[in-house]
Number of protein chains: 2
Amino acid sequence: MVSIEDSESPKRRAILNAATELFTARGYGAVSMDAIAREADVSKATLYAHFESKDRLFATIVQSACQEHITPTGELADDAALDVEASLRAIGGRILRFFLRDRTMAIYRLVMAESARFPELGNAFYQGGPANGRRMLAAWLTRQPGLVVPDVAIAAEQFFGLLRTDLYLRASVGLTPVPDEAAIDAVVDAAVQTFLRAYRL
Amino acid sequence: MVSIEDSESPKRRAILNAATELFTARGYGAVSMDAIAREADVSKATLYAHFESKDRLFATIVQSACQEHITPTGELADDAALDVEASLRAIGGRILRFFLRDRTMAIYRLVMAESARFPELGNAFYQGGPANGRRMLAAWLTRQPGLVVPDVAIAAEQFFGLLRTDLYLRASVGLTPVPDEAAIDAVVDAAVQTFLRAYRL
DNA sequence: GTCTATAGAAGGATAGAC
DNA sequence: GTCTATCCTTCTATAGAC
């Protein structure tokens with residue numbers, strides 16, 4: 001399947017890459033159009049030939065970043081070789097590691113910081129990320145015979161919530177930006193244990 | 001106990017109030033020193049007589065906002081008239097409503113957005129808010145005879161996590177900025193139920 | 001489309017009088 | 001401490017040549 005995006009100009013691609021890099025690293029206000037042009041190795045006039053304003057460039061970038069940034073729950077196959085606990089551990093580990101990735105954090109940061117001035121970003125983020133992830137996990141939960149879940153949507157939210165604990169909170173404000181693997185696994189284990197005590201048959 | 005703060009000038013107070021208002025509403029980059037001076041009804045020179053730079057004014061404001069903004073778990077008395085479930089419901093309701101308040105959201109937004117450029121903010125936020133709240137709730141949990149909690153610190157984090165679900169996430173990115181009371185109570189109820197299924201004796 | 005050069009506005013910070 | 005007036009830099013955006 002050939003996308004029409006293939007025909008886009010290399011300069012435009014360079015601009016998008018540079019702007020994505022800079023915006024996610026420093027935020028909207030701290031990045032100038034000059035800096036983007038320099039980073040993309042392009043003149044400022046070219047930049048404005050492709051994007052009518054800094055606002056629209058920013059919105060374009062964040063929206064497409066949201067779409068590309070689906071929570072990794074799409075491939076939740078039912079692995080017959082794993083029991084519910086092992087499966088949840090694997091899923092939880094993937095999700096928490098995704099939450100903690102620089103890029104993921106940066107997008108949430110941007111949307112949270114700028115959603116007041118760019119209201120469309122909130123929806124793009126929610127639909128591309130959390131809503132989708134919740135739907136996928138809820139669907140998976142319904143297929144698990146060992147669980148008793150009165151409301152799978154709520155249970156799915158709660159599983160995400162159990163993963164988003166102190167470690168995540170600390171990382172989100174710049175403390176322990178690179179949590180070690182053992183700490184991550186400990187959070188996942190605790191989440192799975194609590195979740196199963198609440199919902200296991 | 002008379003604070004030395006009582007002797008601070010009214011202009012300084014006006015500046016702090018105006019700057020707090022503007023920064024929390026619009027973020028660091030979108031607020032100019034001109035705007036702060038105007039809002040405080042003060043000249044820009046006066047502003048710079050009290051604060052050496054925009055950076056320091058911002059850091060001062062956010063840090064003190066973090067300190068004043070303790071998670072409302074300080075008054076976790078052991079109410080003999082309430083059982084564990086009713087108590088948890090009351091506590092959870094207070095906490096989630098606190099999380100959802102404009103001011104609380106705004107501070108988290110600011111710290112998250114600017115902690116890269118102002119590293120001291122991350123710690124001020126974490127110590128003033130989450131760390132304190134977790135400690136208080138953990139202490140309360142140890143005093144509940146009806147619960148079996150292997151690690152109260154982890155359980156406390158998890159309770160907060162169970163409250164910070166979709167409703168909170170949506171509010172944080174500008175969707176449903178004013179959740180209705182019924183929705184809040186539903187989240188609290190679900191959190192308490194799950195928590196108790198996992199940790200009740 | 002792409003560049004160089006620049007307009008025009010706004011921002012952070014300060015000088016100097018009182 | 002407080003003001004008015006201003007400096008200098010940086011920013012968004014555009015004009016005009018190719």
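Labels below follow one simple rule: chain letters A, B, ... track the order of the sequence lines, proteins then strands, and each chain is numbered from 1.
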Asker: Angle between the two end axes of the helix from C/dG1-D/dC18 to C/dC18-D/dG1, five base pairs per end, rounded to 10 degrees?
Answerer: 10°
Asker: Listed by chain and number, what are the side-chain contact (heavy atoms from CB on, under 4.5 Å) partners of A/Val187, not counting sequence neighbours?
Answerer: A/Leu96, A/Thr165, A/Leu167
Asker: Between residues 38-50 of chain B and DNA chain C, which residues have a heavy-atom gap below 4.0 Å?
Answerer: B/Lys44, B/Ala45, B/Tyr48
Asker: Taking atom CG of B/Asp102 and atom OG1 of B/Thr24, what is their separation to the nearest 0.5 Å?
Answerer: 9.0 Å
Asker: Applying salt bridge (Lys or Arg N to Asp or Glu O under 4.0 Å), which residue pairs with at least one partner in residues 120-130 of chain A are found, sequence neighbours left out?
Answerer: none
Asker: Could you note down all residue pairs passing ring pair (Phe, Tyr, Trp, His ring centres under 6.0 Å) where residues 123-153 of chain B supplies at least one of them, sequence neighbours left out?
Answerer: B/Tyr108-B/Phe125
Asker: To the nearest 0.5 Å, what is the distance between CZ (A/Arg170) and CG (B/Asn123)?
Answerer: 7.5 Å
Asker: Examine distances only and state if a side-chain atom of A/Thr176 and a backbone atom of A/Pro179 form a donor-acceptor pair shorter than 3.5 Å.
Answerer: no
Asker: Heavy-atom count around B/Asn17 CG within 6.0 Å, excluding the residue itself: above 12?
Answerer: yes
Asker: Checking side chain to side chain contact (heavy atoms under 4.5 Å, CB included) against B/Phe51, which of B/Arg12, B/Met33, B/Arg56 comes through?
Answerer: B/Arg12
Asker: Under a 4.0 Å heavy-atom cut-off, which of residues 16-36 of chain B touch DNA chain D?
Answerer: none
Asker: Can you sort out the partners of B/Ala86 under side-chain contact (heavy atoms from CB on, under 4.5 Å), two or more places apart, ordered by chain and number?
Answerer: B/Leu82, B/Asp83
Asker: Heavy atom of residues 55-63 of chain B under 4.0 Å from DNA chain C: which residues?
Answerer: none
Asker: Measure up the B/Tyr28 and B/Phe23 rings against each other and bin them: parallel (under 30°), tilted (30 to 60°), perpendicular (over 60°).
Answerer: parallel
Asker: For a 4.0 angstrom threshold against heavy atoms of chain B, report the outermost contacting nucleotides of DNA chain C in 5' to 3' order.
Answerer: C/dG11 to C/dA15
Asker: My understanding is that only residues two or more places apart in sequence, or in another chain, count here; which of them pass side-chain contact (heavy atoms from CB on, under 4.5 Å) with A/Asp185?
Answerer: A/Arg97
Asker: Which residue pairs pass the salt bridge (Lys or Arg N to Asp or Glu O under 4.0 Å) test when at least one of the two sits in residues 126-146 of chain A, sequence neighbours left out?
Answerer: A/Asp78-A/Arg143, A/Arg134-A/Glu157, A/Arg134-B/Asp166
Asker: Would you give the length of the straight line joining atom CG of A/Leu57 to atom CG of A/Leu16, rounded to the nearest 0.5 angstrom?
Answerer: 7.0 Å
Asker: If the condition is ring-ring contact (aromatic ring centres under 6.0 Å, His included), which residues does B/His69 pass it with, not counting sequence neighbours?
Answerer: B/Phe98
Asker: Measuring from atom CD of B/Gln193 to atom CD of B/Glu85, what distance do you get when rounded to the nearest 0.5 angstrom?
Answerer: 7.0 Å
